[in-house]
Amino acid sequence: MMTDQQSSPVSAPADSAAARQRFDDFGLAPEILRALRDQGYEYPTPIQAQAIPVVLQGRDVMGAAQTGTGKTAGFSLPIIQRLMAHANNSASPARHPVRALILTPTRELADQVAENVKAYSRHTGLRATVVFGGVDIAPQVTALRSGVEIVIATPGRLLDHVAQKSINLSQTQILVMDEADRMLDMGFLPDLQRIINLLPRQRQNLMFSATFSPEIKKLAASFLSNPQTIEVARSNATSDNVTQILYEVKEDEKRDAIAFILRERGLKQVIVFTNTKIGASRLSVHLVKQGVKAAAIHGDKSQSERMTALEDFKRGAVEVLVATDVAARGLDISEMPCVINYDLPFNAEDYVHRIGRTGRAGAKGDAISLCGAQDDKALADIEKLTGRKIVRLQLAGFVPTSAPAFREREHRSEYRGDQRSENRHEQRGEGRSRGGYGAAREKVDPWFLRPYTPNTAPASARNEKSAAANNTAAPKPQKRAALLGGLRKTSVTG
DNA sequence: AAAAAAC
């Protein structure tokens, strides 16, 4: 099933209607166009409009594109076309040699790309299968032996299949390296080298990367031949559709702050990223205890647990997916209005990838991050990479502030007229009106978006003790507990 | 510092 937004919907904006290209204009086979119609896709996204003709020509491509731009269809549609055009070459010894290989860094991404490729090729007779670790290898061997033209794989399990001779890559004409920057980060370079050595010299190479580091350029220089560069958004830039919000919250209050934000904003589809696997599990447990439909996904979970969590999240049974960076890249989940960073990531590039999970395909999104006083360097790195200044804000009741809790409630009651908050208010059976964040988005609550002024002590003196000493102005614990308690009560009834 | 990926 398609859950992504790989292509523009039919109701695309009308601004460029006169010159707007349609999928019909690329000379794609009727079988492919039919599959696109099945999905309701008519207009290509910018990266598809650029990539499809170039890939059809057989050229190598270096694509700088974030996920959600329609990258997967951008390469898979022309690949399918090319495989159809040169179908069943009689010179091939194997009846169904693997003719296109798509490599991804994570298992979930491989699975998702495979779903897309299968959907696009369903009327063509071409067959695709996915292979990745953590699951029984036998069904994969059976699928490969039955003959498939397109294989989507993570590198380790693919080499496993090579070792046990369940796959033959000697006829593979097209190689795609998706999320190439991630694969480098994860140390896949030796595996990539090994895999590439198994492929014919003469082949088409497509490399996609969300960021464009010197290492990526080096990889492109060594693996690609005379590539056409395709760049959609400025690389390393964050989407204009994403509003970035940063709250200063003490480490031991972050769990409550997350619960508070989830409830206050009425969030239903949100990923919360943590820096550690244990952190993801703990936060998930904490949220479940508070009545939040949460589940954790990280590399220490079994593959079946990972798949279940992701499926439950996609169908809405899980509303809050607490994830490590296993979910930071590539995952395309529709209608994600918000992404939350429990911690700022160690690596600034990971920040770009994490918040890229929202604001997809033209939709608006919020990226909310929690940070501590010690995150100055991480924040500076992020601002440098994204080229944007992110203001530290205070989260009502959670940061050193002179604001009494009652003032905060007064301010929120200004949004009494908001229909959505009225509805929520009724559902909660709550006595006092509480501002919703949805429709009143433009009139932002001043206590939620008030710039936080960190203490002015020199950074060297700002160790944990001095930070704690500066927190004397924080609201009394009882007051905050009352505030949270009120919210908790409402969630039980609601 | 962490995470991811083959067994």
Between B:dA3 (P) and A:R107 (CZ): distance, integer Å: 15 Å
With A:E319 via side chain to side chain donor-acceptor pair (under 3.5 Å) - residues at least two apart: none
Touch class at under 4.0 angstrom, heavy-atom based, for A:N275 against every strand present: sugar-phosphate
Nucleotide B:dA1, atom C1' - distance to CG of A:D381 in whole Å: 14 Å
Whole angstrom value for the distance that separates P of B:dA5 from NE2 of A:H298: 12 Å
Presence of A:T154 side-chain N/O under 4.0 Å of B:dA4 phosphate oxygens OP1/OP2: no
Residues within residues 192-200 of chain A bordering DNA chain B, heavy-atom distance below 4.0 Å: none
Distance below 4.0 Å between A:T276 side-chain N/O and B:dA1 OP1 or OP2: no
A:L344 CG - B:dA2 P separation (whole Å): 16 Å
Residues which pass side chain to side chain donor-acceptor pair (under 3.5 Å) with A:T129, listed by chain and number, not counting sequence neighbours: none
Length of the line joining A:D300:CG and B:dA3:C1', which is rounded to integer Å: 10 Å
Side chain to side chain donor-acceptor pair (under 3.5 Å) involving A:E311 - partner list, sequence neighbours excluded: none
Closest contact, heavy atoms only, A:V288 versus A:A294: CG2-O, 3.4 Å
Under 4.0 angstrom between A:R306 side-chain N/O and B:dA5 OP1 or OP2: yes
Any residue meeting salt bridge (charged side-chain N to carboxylate O under 4.0 Å, His left out) with A:R282, in chain and number order, not counting sequence neighbours: none
Near-ring test A:F208/A:F75, centroid separation under 6.0 angstrom: yes
Contacts of type salt bridge (charged side-chain N to carboxylate O under 4.0 Å, His left out), residue A:E383, not counting sequence neighbours: A:K389
Length of the line joining A:E179:CD and B:dA3:C1', which is rounded to integer Å: 15 Å
Rounded interatomic separation in angstrom, taking CG from A:D160 and C1' from B:dA6: 5 Å
Sugar-phosphate, base or nothing in reach of A:G187, heavy atoms under 4.0 Å: nothing
Length of the CG-P vector between A:L189 and B:dA5, whole Å: 18 Å
